[in-house]
Amino acid sequence: SITRRCFHNTARAFSGRRSAVNQWHGRGNEPGTVSFIGAPLASGQPIPGVEKAPQAMRDGGIANIIHSLGWDFHDVGDLDVTGAIAAGSAEMVQGVQKCEQLGFANKLVHDAVRGEAAKGNFVLTVGGDHSIG
């Protein structure tokens, strides 16, 4: 499938097998663990539905695809981006709409990614919209 090929090519690039990218820091060139983080954020744009992507990937069998490539799969779950957004102001800052809200949501994503990467895992964050940084 296209999802399998995309993940496989990305994983190989990060492991240094087909790319000049630095070696993956997990287990050298061997598959490790993929930490799947759902970031169902849709506040950075007006089109509904993008927040459904993490669950759609799960329903589509992302865990089975990753396992078939020899990797372990750890589903961190969906982050509470709605709660993070609720803590911030929706005002525009220097031309950026919902700047503080999106900043709080991205801080939540950052912390989750950092925690999983610190374990040596390959972190796959699935949004959501383009405001996830």
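Placement of V76 and V123 within a single hydrophobic cluster is found when ILVMFWY residues are connected by side-chain heavy-atom separations under 4.5 Å, directly or transitively. Under the 4.5 Å side-chain heavy-atom criterion for grouping Ile, Leu, Val, Met, Phe, Trp and Tyr, I85 is not connected to V50 through any hydrophobic cluster.
You'll find the side chain of V34 stays beyond 4.5 Å of the side chain of D72, heavy atoms only. Between W71 and T33 the shortest side-chain heavy-atom distance does not fall below 4.5 Å. Inter-residue side-chain proximity for M92 and K98 is flagged as unmet; no heavy-atom pair is nearer than 4.5 Å. Between D78 and R58 the shortest side-chain heavy-atom distance falls below 4.5 Å. Between L102 and S43, some side-chain heavy-atom pair lies under the 4.5 Å cut-off. Between V109 and L79 there is a side-chain heavy-atom pair separated by less than 4.5 Å.
Nearest heavy-atom pair, P40 versus V81, reported as atom, atom and distance to 0.1 Å: O-CG2, 3.5 Å. Minimum heavy-atom separation, A42 to D129: C-OD2, 3.0 Å. Across all their heavy atoms, A39 and P54 have their closest contact at N-CG, 3.9 Å. Of all heavy-atom pairs spanning Q101 and S89, the tightest one is CG-O, 3.2 Å. Residue A53 comes nearest to G128 through the heavy atom pair CB-N, 4.3 Å, listed as atom of the first residue, atom of the second, then distance.
Ring planes of F36 and F73: tilted class, angle from 30 to 60°.
Atom CD of Q55 is surrounded by more than 12 heavy atoms from other residues, nucleotides or ligands within 6.0 Å.
Using a 4.0 Å cut-off between charged nitrogen and carboxylate oxygen, D59 and K52 do not count as a salt-bridge pair.
The distance from atom CD1 of I65 to atom CE of M57, rounded to the nearest 0.5 Å, is 7.5 Å. A distance of 5.5 Å separates CD1 of I37 from CD of E116, quoted to the nearest 0.5 Å. Atom CD of Q94 is separated from atom SG of C99 by 7.5 Å, given to the nearest 0.5 angstrom. For the atom pair OG1 of T82 and CD of E51, the computed distance is 9.0 Å after rounding to the nearest 0.5 Å. A distance of 6.0 Å separates CG in L124 from CD1 in I66, rounded to the nearest 0.5 Å.
One N or O on the side chain of H67 and one on the backbone of A63 form a donor-acceptor pair closer than 3.5 Å.
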